[in-house]
Every structure is written in C-alpha cells, then in structure tokens.
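Working notes for the structure below.
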Amino acid sequence: MYCRDCGEKTVLRFVEQEGLVPFCPKCGTFKFPLFPVAVSMTVVNRAEDKILLAKHVNENDYTLIAGYIKKGENAEKAIPREIKEETKLNAIKWRYFGSRYHDAKDVLMLNFIVTADEGAIELNENELTEARWCTPAEAKELIRKNSTAEYFLNGALNELGKRK
C-alpha cells in the first residue's frame, strides 16, 4: 500500500485498540484506509415473488442493481436515485439487509431489500445492457456465481422466505 498523499510505500504499525495500521514514514502519519461506499439492492416486486437482475455494461453475468453513494448523500437517498437512474422504476420501500466488503472494486457494499413497482423497465444504456424480473429460482440460477451479488441475493431470499 502506498501513501495517498505523497506516494511513499507505507509500513504497518501497531496502534492500540486499532491493530495494524498503514504508516507513512515520509509524512509521519497513520493512513487509515479510505474506500468508497455503495448500495447494492435486492429489488423485489410488491408480491415479493420476483427479483430484478441486471447485466451491467461490459459484464456478461447478471448481478443486482448497485451504485456508489455520492459525496454528501446518504444510502437512503442513493437507493431510489440509483434504481430510477438505471431502470426508471420507482422504489417504494426498503430495509437494510447487511454489508460486505467487495474486494474486486475496493468498495464497502451496503445491501438493502427494496420493493419497487413492477412497471416497464427503461434501461440507462450507459449503465445496463439488460434487466429482467425473475422468479427466486431463476435469480439463483442466473446470478454471477461466487459473487457479492450472489451472497446478498441468497441472504435476501432467506430473509424473504424464498429458499426455492
């Protein structure tokens, strides 16, 4: 890891009640890791018998709707904004499900189970190449295997009682 301020290679030093923390010898300061935060949404219809999956631009697999939380924004504002931006669907209600660090993009993912209107999907072609409603069984089959999206989907389906 390198210092985000000067580019010097950091070394790990022990800090009481924190553990090992990167330290920049040139700056003389600890550099606690910074990384972005995003929302991941397991979107269900009102009847909770369909799950919305999407293929993002430059990706071949189905995943969940997700997006970065913008500076100054909270997760509760990012949820309806991201769903509307990507699909033109309206988020009706949501509840927090869980979080997981997503190493592939160095981001903390906050997952929510979101109920959305099951209207016509209008893709934002800058972000998605496809989106579709699936049964829980179809969603489990189609979701990218061994992914953060699969982890959240399986957890949400268990929470919703849709283990099929």
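Just so it is clear, the values below take in all heavy atoms, side chains as well, and ignore hydrogens, waters and symmetry mates. Residues: numbered from 1 along the sequence shown.
- How far OH of Y2 is from SG of C24: 12.0 Å, rounded to the nearest 0.5 Å.
- Within the model, atoms OG of S99 and CG of L108 stand 5.5 Å from one another, a figure rounded to the nearest 0.5 Å.
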| said: As a quick check of understanding, evaluate side chain to side chain contact (heavy atoms under 4.5 Å, CB included) for W133 and L53, giving each step before the final call. | reply: CA-CA 6 Å; W133 290 102; L53 294 185; over 6 Å; no

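- A cation-pi contact, defined as under 6.0 Å to the ring centre and within 45° of the axis, links R100 to Y151.
- Applying the 6.0 Å contact sphere to CZ of F30 captures more than 12 heavy atoms from other residues, nucleotides or ligands.
- A donor atom on one side chain and an acceptor atom on the other are not found under 3.5 Å apart for N154 and N158.
- Note that CG of L20 is 11.0 Å distant from CD of E18, once rounded to the nearest 0.5 Å.
- Here the options are V114, I83, I65, the test is side chain to side chain contact (heavy atoms under 4.5 Å, CB included), and the partner is L89; only I83 passes.
- To the nearest 0.5 angstrom, L123 atom CG is 8.0 Å from T87 atom OG1.
- Between G98 and Y96, the shortest heavy-atom contact is C-OH, 3.2 Å.
- With sequence neighbours excluded, the residues forming a salt bridge (Lys or Arg N to Asp or Glu O under 4.0 Å) with D117 are R46, listed by chain and number.
- In this structure, CD in E86 is found 14.0 Å from CD in E122, a value given to the nearest 0.5 Å.
- Side-chain atoms of W94 and P80, non-hydrogen and from C-beta on, do get closer than 4.5 Å to each other.
- Applying the salt bridge (Lys or Arg N to Asp or Glu O under 4.0 Å) test to residues at least two apart or on different chains, the pairs with a partner in residues 56-68 are E59-K105, E59-R144, D61-R144.
- The two residues E82 and A66 have their closest heavy-atom pair at OE1-O, 3.6 Å.
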| Derivation of the salt bridge (charged side-chain N to carboxylate O under 4.0 Å, His left out) call for K55 and E127 | CA-CA 9 Å; K55 285 186 181 180; E127 299 206 30; over 6 Å; no

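- Aromatic ring centres of F97 and F112: separated by at least 6.0 Å.
- Side chain to side chain, Y101 and D106 meet the donor-acceptor criterion of an N or O pair below 3.5 Å.
- With hydrophobic clusters built from ILVMFWY side chains whose heavy atoms lie under 4.5 angstrom apart, V37 shares a cluster with M41.
- Side chains of D49 and T135 form no contact here, defined as non-hydrogen atoms less than 4.5 Å apart.
- Residue P136 comes nearest to I51 through the heavy atom pair CA-CG1, 4.4 Å, listed as atom of the first residue, atom of the second, then distance.
- For the residue pair Y68 and E73, the shortest heavy atom distance occurs at O-OE1, 4.2 Å.
- Atoms CD1 and CD1, from I79 and I113 in turn, are 11.0 Å apart once rounded to the nearest 0.5 Å.
- Using a 4.5 Å heavy-atom threshold, the side chains of N126 and V57 count as separate.
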| query | R132 and L142: side chain to side chain contact (heavy atoms under 4.5 Å, CB included), yes or no, with the steps? | reply | CA-CA 11 Å; R132 62 180 275 204; L142 292 172; 3.5 Å; yes

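- Applying the salt bridge (Lys or Arg N to Asp or Glu O under 4.0 Å) test to pairs two or more places apart or on separate chains, those with a residue in residues 5-15 are D5-K31.
- Here the closest heavy-atom approach between residue H102 and residue T148 is recorded as ND1-OG1, 2.7 Å.
- Just one of I121, N45, L64 meets the side chain to side chain contact (heavy atoms under 4.5 Å, CB included) condition when paired with L52; it is I121.
- The heavy-atom pair separating V107 from P36 by the smallest distance is CG2-O, 3.1 Å.
- Under a hydrophobic clustering in which Ile, Leu, Val, Met, Phe, Trp and Tyr are joined whenever their side-chain heavy atoms come within less than 4.5 Å, directly or via other members, V21 and L34 fall into different clusters.
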| request: Check the pair R81, E85 against side chain to side chain contact (heavy atoms under 4.5 Å, CB included), reporting the backbone distance first and the verdict last. | output: CA-CA 6 Å; R81 177 186 55 76; E85 278 179 12; 3.1 Å; yes

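- Remark: the H56 side chain and the T129 side chain contain no N/O donor-acceptor pair separated by less than 3.5 Å.
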| message | Could you go through V39 and I69, starting from their C-alpha distance and side-chain angles, then the distance that decides it, and tell me whether this counts as side chain to side chain contact (heavy atoms under 4.5 Å, CB included)? | response | CA-CA 7 Å; V39 288; I69 297 174; 4.0 Å; yes

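- Around the CG atom of N60, the shell of radius 6.0 Å holds no more than 12 heavy atoms that belong to other residues, nucleotides or ligands.
- With hydrophobic clusters built from ILVMFWY side chains whose heavy atoms lie under 4.5 angstrom apart, F23 does not share a cluster with L12.
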